Structures are given as C-alpha cells and as structure tokens.
Asker: 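If you scroll down you'll find the structure; I have some questions about it.
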Amino acid sequence: MLDFIDKKFTDALIEKGCLTPEQLTRAQEAAESKREPLEKVLVEMRVAPKGEIMWARAEELGKAYVDLSNRKVDPETAAIIPEAVARRYHLICIGRVDNKITLAMADPTDLPALDDIRVRTGLVPEPVLSYYDDIDRAIETAYSGDSKWQEIVGETDAVDVVKEQEQLPDEVTVDAPIVRLADLIITQAIAQKASDIHIEPFERNLIVRYRIDGILREVMSPPKSLQQALVSRFKIMANLNIAERRIPQDGRIQVTIKRDRYDLRVSSLPCLWGESIVMRILDRKSVMVDLDQLGFHPEILEKWKKLISLPNGVILVTGPTGSGKSTTLYATLNTINRPDIKIVTIEDPVEYNIQGINQVQVHPKVGLTFATGLRAFLRQDPDVMMVGEIRDHETALIAVQSALTGHLVLSTLHTNDSVSAVTRLIDMGIEPFLLASSVQGVMAQRLVRTVCSQCTRNVKPVKAMLAKFEEYNIPTANLQLVRGEGCDACANTGYRGRAGIHELVVMTDELRRMILDRTSTSDLKALALSQGLRTLYHDGLIKVAQGVTTLEEVLRVAVD
C-alpha cells in the first residue's frame with residue numbers, strides 16, 4: 001500500500017485522538033514485520049474500536065466499508081471466485097447484481113487483483129473494504145466450513161481403508177480424500193488461530209478438537225472407520241513409524257500457508273481405543289513480539305526491563321503449561337539481543353529460531369540434557385543463558401552457580417505463584433544461601449481471554465464488584481466494564497484473543513534475609529505484599545476495569 005495513503009490515514013486517526021505518534025511508530029514496525037495491513041495492527045492494538053478504524057480507512061480510500069463479522073456469506077455467491085484466487089488476493093465475493101459482483105477486499109485498491117477477477121469471471125468487480133481477519137473467517141466458512149469435511153468424508157464411504165481389528169501392515173496406502181481431510185484439519189486450525197489440534201479416538205467415534213484461546217472446542221467427528229487412515233496420514237507427515245502403535249512417538253510437521261511457515265509438534269499416544277494425536281501449532285509471528293505487546297502493566301514492565309538489564313543473576317518465569325512463559329522469554333531475548341551480547345539457549349524443543357542467538361536442542365538419548373548443556377555453556381563465554389525449564393537439582397544448581405559467576409540466567413519453573421518458586425528450588429535441594437545470593441526476580445503469569453472486539457458491549461458493575469475494586473484500590477470513577485455478546489467472529493464465546501496477567505517479585509534485602517532463615521512461603525508472600533507486590537488476581541482486576549477481559553475469566557485462572 002502506498003506510503004502517502006497510510007500517512008493520510010494515520011493523520012486522520014491522530015486528529016481524532018485515536019492514535020498517538022508513539023503508537024503509530026510501533027504499529028508501523030509491527031505491520032512491516034508481520035506483512036499485514038496497518039489498520040489490522042491498529043485494531044489488534046485496541047487504539048480504537050474496529051469500526052471506527054475501518055471507517056476512517058474506507059473514507060481515506062474513497063470506498064465503502066462492509067463489516068463481515070456478523071454477516072453470512074452465501075457459499076454459491078462466494079464460489080463465483082475460485083477459492084485459490086480468493087485466498088491469493090485476500091478477498092471474497094459477497095453479492096451479485098446482473099453483471100456486477102461486490103468484492104470484500106483487505107485492499108480494495110489492488111488493481112492487478114481486480115483486473116484478474118474481471119478477466120476470469122467476465123463480470124465487473126465493485127470493491128469494498130473489509131477487515132482482514134473477517135475476510136479470513138468468511139473464506140473459511142464459505143469454502144471450507146462444516147460441509148467441506150463432510151463432503152470429503154462422503155468420498156471415502158465406499159473405502160474401508162483400515163479396519164481396527166486388522167494388523168497394520170508396514171506400509172499403508174492412504175486414500176486421497178484422507179490426505180485432503182488431514183490438510184483441512186490443519187489449515188482450519190491455523191485459520192482459527194488454534195494452539196493445539198487433538199485427534200481423539202473413543203469406542204464408537206473419533207473426535208477432532210481445537211484449543212482456541214486456551215479452551216478446547218469440538219470441530220468435527222469423522223467416522224470411526226477412518227480413524228487409522230487419518231492417524232497414519234499424520235504420522236507419515238511427521239516422519240513417525242506408522243507400524244509402531246504400542247509406544248508414544250514424537251515428530252514434527254512443517255507447513256506453509258499464505259507464505260507463512262508453521263511448525264507442528266506432533267505427539268502420538270497409544271490409548272484404549274487407538275492412538276491419540278496431538279499437534280502443537282507453533283507460529284513464529286505469535287512469539288516474535290515486543291514486550292510492550294504482551295499486556296504488561298506499565299509498572300511491572302518497567303521493573304522487568306530493569307531486571308533483564310542486570311549483568312548477572314537468575315530470573316524466573318513461572319506458571320502452568322500454556323500460560324505464555326515461552327512467549328515472554330522469547331520477547332525478552334529479542335529485547336536484549338544485541339551484537340555486543342552473546343546469548344545461548346538450551347530448549348526442549350527449540351520452538352523458534354532467533355537470529356543472533358545460539359540455540360541448543362536437548363537430546364537425552366545421547367546425554368545432552370539441560371544440565372550438561374548448561375555446563376558446556378560456561379565454556380562458550382556467554383553473557384546471557386536461557387534454560388527452557390529447571391526440572392531437577394542438577395540443572396537448578398548449575399543455573400545458580402552460573403549466576404554467581406557473572407552470567408544472567410533466564411528460565412522457567414512450574415509453580416502456582418511467584419513466591420513459591422523459592423520454596424520449590426529449596427525443595428530441589430538448592431541451599432537458601434545460594435538462592436538469596438543469585439535470584440534477582442520471579443514473575444508468575446497466566447493468560448486470560450480478551451473480550452471480542454466485534455460484539456463487545458458495556459455493562460454496569462454490581463455492588464459486590466465495586467467493593468472488590470475498592471478493596472484493591474482500583475479507581476471506580478472511569479470503569480470500562482465490557483462483555484462479549486457472542487458472534488461468528490468469536491464462535492459465540494464472547495472472547496477472542498488473549499492477554500497476560502502478571503505477578504512480579506523483585507528480590508529485596510528483607511526477602512533475602514527471610515530466604516536465608518528458611519521462612520515459609522506464606523510469610524514470604526506477606527512480606528512481598530507489604531512491599532507492593534501486585535498479585536495475579538489484582539493485575540487481572542485492573543484489566544477487567546480497563547475493559548480488556550471479564551471478572552469470570554480472571555477467576556478462571558487466578559484466585560483472590
């Protein structure tokens with residue numbers, strides 16, 4: 001898109017008070033790195049309601065804006081444009097009158113696309129502007145909706161590919177419709193921004209579920225007769241042994257969709273009624289973000305940046321699986337990654353490759369564990385070391401010793417809150433005097449679903465909620481409490497996307513003395529609270545007051 005158009009567009013937003021020059025700079029950098037329209041990035045930054053941003057862009061372009069978030073697109077109308085063409089140009093046909101067709105486009109000024117459509121169809125295209133993600137959703141619904149997988153399954157009705165009772169041969173001939181069904185499962189999951197795909201066998205049925213924004217949703221249930229063929233297809237794609245069905249296996253699949261590469265970590269697990277397949281979708285764009293984009297409270301972000309600028313010490317990120325720890329660590333590494341700093345990491349597995357950082361994949365079968373890798377790092381003259389996870393005494397001890405010898409060590413730990421990390425390390429056998437000398441800070445975090453921007457509505461607070469805000473000294477004069485009513489864009493959940501809530505403990509002299517005295521976790525937390533610790537629940541309440549999420553969502557992941 002032309003620079004002068006973007007300039008006029010952003011000037012209009014700044015004049016309306018929707019955008020600051022600092023936000024504009026960040027948005028332009030993000031749009032360039034993600035190769036996405038500037039208006040999409042601005043909507044994701046929540047600088048203003050989506051409709052206001054899109055209307056401003058449409059006015060600048062001299063085109064109409066059509067909101068597809070709650071609009072059903074007729075599949076027959078959409079089919080006027082071949083699916084491959086619609087995906088290539090990021091557009092969809094939403095109407096036809098005589099020889100004219102209305103095209104919802106992410107870029108209605110794309111003249112080559114309009115000329116191509118005119119030649120292909122013999123019809124006159126009339127472009128309108130629509131939001132990037134809404135077009136994605138409309139394309140998936142129109143071309144690859146529920147009827148798509150059922151149509152593919154219908155083609156396999158006459159083929160009993162592999163019966164459950166039969167012994168699996170060394171090589172399985174996978175039917176072409178099965179290949180298309182497997183591809184559809186992956187592409188739909190990516191389009192819906194799922195983090196995991198679950199293929200689950202039961203006694204009489206097979207279920208496919210996606211984990212979207214941390215919550216599992218059932219998306220399809222292919223016939224049980226296709227189970228082994230579908231599982232075999234995924235195992236072939238992941239270079240697993242399809243003849244081995246008795247032990248768990250791990251593999252990897254790489255796919256490229258719309259010029260973006262995705263890595264899928266594949267795990268197969270023998271269950272009572274067949275093999276369960278789970279695929280974790282790793283999207284490089286989702287972790288290659290700035291710390292400013294992760295939802296940190298400004299006060300916590302300032303403290304975190306001071307911590308990671310220290311020359312030595314142990315800094316930990318804690319939380320359960322799926323709480324965004326890896327994303328936070330990658331964003332942190334991106335922040336401190338400079339030519340004058342040597343950074344080495346050991347991970348299981350290496351999820352994303354970062355230019356300028358030496359990354360090591362653990363390999364327990366040949367003796368390359370977190371502990372042995374850390375020990376080897378000390379001979380590599382690093383400034384910063386990142387350990388994927390501290391799991392045992394040996395790894396924890398080397399991490400602490402590395403910090404004491406002048407290195408900054410970043411790692412993760414599985415604990416419920418920040419203060420518990422100290423107790424957990426003592427339980428692993430680390431002496432309190434070592435922890436008191438080395439640990440600089442611990443951050444606990446969770447992910448909460450954010451209210452869908454397409455169907456959000458304001459709600460009035462009840463007395464009990466107001467009392468809770470007042471208890472935590474959160475101003476109630478300008479509350480922005482919202483709730484999602486549910487729409488097609490958020491699958492009628494009222495939520496779309498996630499944001500982090502955080503709890504950061506920075507070590508003080510008083511805390512170090514209590515650690516030396518082996519003080520209980522509850523007493524440590526009481527002292528941290530007296531020194532200004534903002535708990536996960538407190539940080540979540542602040543995001544509720546700001547209209548980012550709901551109280552119910554905060555209570556799902558944190559306790560008062």
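Quick caveat, the model's predicted, so the values are computed rather than measured.
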Asker: What are the two closest non-hydrogen atoms of T550 and Y495, and how far apart are they?
Answerer: OG1-OH, 2.6 Å
Asker: Dump the intermediate steps for side chain to side chain contact (heavy atoms under 4.5 Å, CB included) on Y330 and I357, then the final yes or no.
Answerer: CA-CA 11 Å; Y330 277 115; I357 295 179; over 6 Å; no
Asker: Would you mind reporting whether Q361 and D348 have side-chain heavy atoms less than 4.5 Å apart?
Answerer: yes
Asker: Give the intermediate values and the outcome of side chain to side chain contact (heavy atoms under 4.5 Å, CB included) for residues L333 and M386.
Answerer: CA-CA 9 Å; L333 291 177; M386 193 272 272; 4.0 Å; yes
Asker: Counting C-beta onward and ignoring hydrogens, is there a side-chain heavy-atom pair between E503 and T318 closer than 4.5 Å?
Answerer: no
Asker: Between D133 and K40, is the closest basic N to carboxylate O distance under 4.0 Å?
Answerer: yes
Asker: Please name the pair of heavy atoms, one in I277 and one in S268, separated by the smallest distance, quoted to 0.1 Å.
Answerer: CD1-CB, 3.5 Å
Asker: Would you compute the distance between atom CG of D136 and atom CG of L68 and round it to the nearest 0.5 angstrom?
Answerer: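 Answer for the CG-CG pair, D136 versus L68, is 11.0 Å.
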Asker: So do the side chains of M237 and I186 get within less than 4.5 Å of each other, counting heavy atoms only?
Answerer: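 M237 reaches I186 side chain to side chain.
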Asker: When you compare the side chain of I101 with that of I117, does any pair of heavy atoms fall below 4.5 Å?
Answerer: yes
Asker: So, taking the atom named CG in L123 and the one named OG1 in T102, what distance separates them when rounded to the nearest 0.5 Å?
Answerer: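 These two atoms lie 11.0 Å from each other.
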Asker: How about E553 and R498: do any of their side-chain heavy atoms sit closer than 4.5 Å?
Answerer: no
Asker: Could you report the tightest heavy-atom contact between P201 and K224, atom names first, then the distance?
Answerer: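 Reported closest heavy-atom pair: CB-NZ, 4.1 Å.
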Asker: Test of understanding: with salt bridge (Lys or Arg N to Asp or Glu O under 4.0 Å), list the residues that count as partners of R88, not counting sequence neighbours.
Answerer: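 Scan of R88 (salt bridge (Lys or Arg N to Asp or Glu O under 4.0 Å), adjacent residues dropped) gives D116.
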Asker: How far does CZ of R556 sit from CZ of R449, to the nearest 0.5 angstrom?
Answerer: 5.0 Å
Asker: The criterion is salt bridge (Lys or Arg N to Asp or Glu O under 4.0 Å); which residues satisfy it with E299, sequence neighbours excluded?
Answerer: K303, R534
Asker: What I'd like to find out is whether the side chain of R446 reaches to under 4.5 Å of the side chain of D539, using heavy atoms alone.
Answerer: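 No - every pair of side-chain heavy atoms lies 4.5 Å or more apart.
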Asker: If we count only N and O atoms by modelled type, under 3.5 Å, do the side chains of K543 and Q546 hold a donor and an acceptor together?
Answerer: no
Asker: Which is it for L291 and T332 under the side chain to side chain contact (heavy atoms under 4.5 Å, CB included) test, yes or no, and what are the steps along the way?
Answerer: CA-CA 7 Å; L291 285 172; T332 299; 3.7 Å; yes
Asker: Is the shortest distance from a Lys or Arg side-chain nitrogen in R57 or E60 to a carboxylate oxygen in the other one below 4.0 Å?
Answerer: no
Asker: Heavy atoms only: give me the nearest R233-A182 pair and the separation to one decimal.
Answerer: CG-CB, 3.5 Å
Asker: Measure the CD1-NZ distance between I212 and K193 for me, rounded to the nearest 0.5 Å.
Answerer: 10.5 Å
Asker: Over 60° means perpendicular and under 30° means parallel, so classify the ring planes of W55 and Y65, tilted if in between.
Answerer: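 The arrangement is perpendicular - the two ring planes meet at more than 60°.
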Asker: Would a distance-only check, ignoring hydrogens and angles, find a side-chain to backbone donor-acceptor pair under 3.5 Å from Q445 to G324?
Answerer: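 Side chain of Q445 to backbone of G324: a pair is present.
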Asker: Going by salt bridge (Lys or Arg N to Asp or Glu O under 4.0 Å), name the residues that satisfy it together with R96, two or more places apart in sequence or in a different chain.
Answerer: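 If we apply the salt bridge (Lys or Arg N to Asp or Glu O under 4.0 Å) test to R96, skipping adjacent residues, there are no hits.
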Asker: Find out whether M105 and K63 are in side-chain contact, i.e. whether some heavy atom of one side chain is under 4.5 Å from a heavy atom of the other.
Answerer: no
Asker: Verify, without hydrogens or angle tests, whether Y210 (side chain) and I185 (backbone) share a donor-acceptor contact under 3.5 angstrom.
Answerer: yes
Asker: If we ignore hydrogens and angles and just use 3.5 Å, is the side chain of T450 paired with the main-chain N or O of G497 as donor and acceptor?
Answerer: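 Indeed, once roles are kept as given, a pair shorter than 3.5 Å links the two residues.
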Asker: Looking at every non-hydrogen atom in both residues, tell me the closest pair between V554 and V448 and how far apart they are.
Answerer: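 Minimum heavy-atom contact is CA-CG1, 4.3 Å.
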Asker: What are the two closest heavy atoms between P75 and A142, and how far apart are they?
Answerer: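 Smallest heavy-atom distance, with atoms named: CB-O, 3.9 Å.
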Asker: With the side chain counted from C-beta on, respond yes when T493 and D213 share a heavy-atom pair under 4.5 Å apart, and no when they do not.
Answerer: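 With C-beta onward as the side chain, the pair stays apart.
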Asker: Can you tell me how far the CG atom of L226 sits from the CG atom of L206, to the nearest 0.5 Å?
Answerer: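 Answer rounded to 0.5 Å: 8.0 Å.
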Asker: Any chance you could measure R118, atom CZ, to L103, atom CG, to the nearest 0.5 Å?
Answerer: 10.0 Å
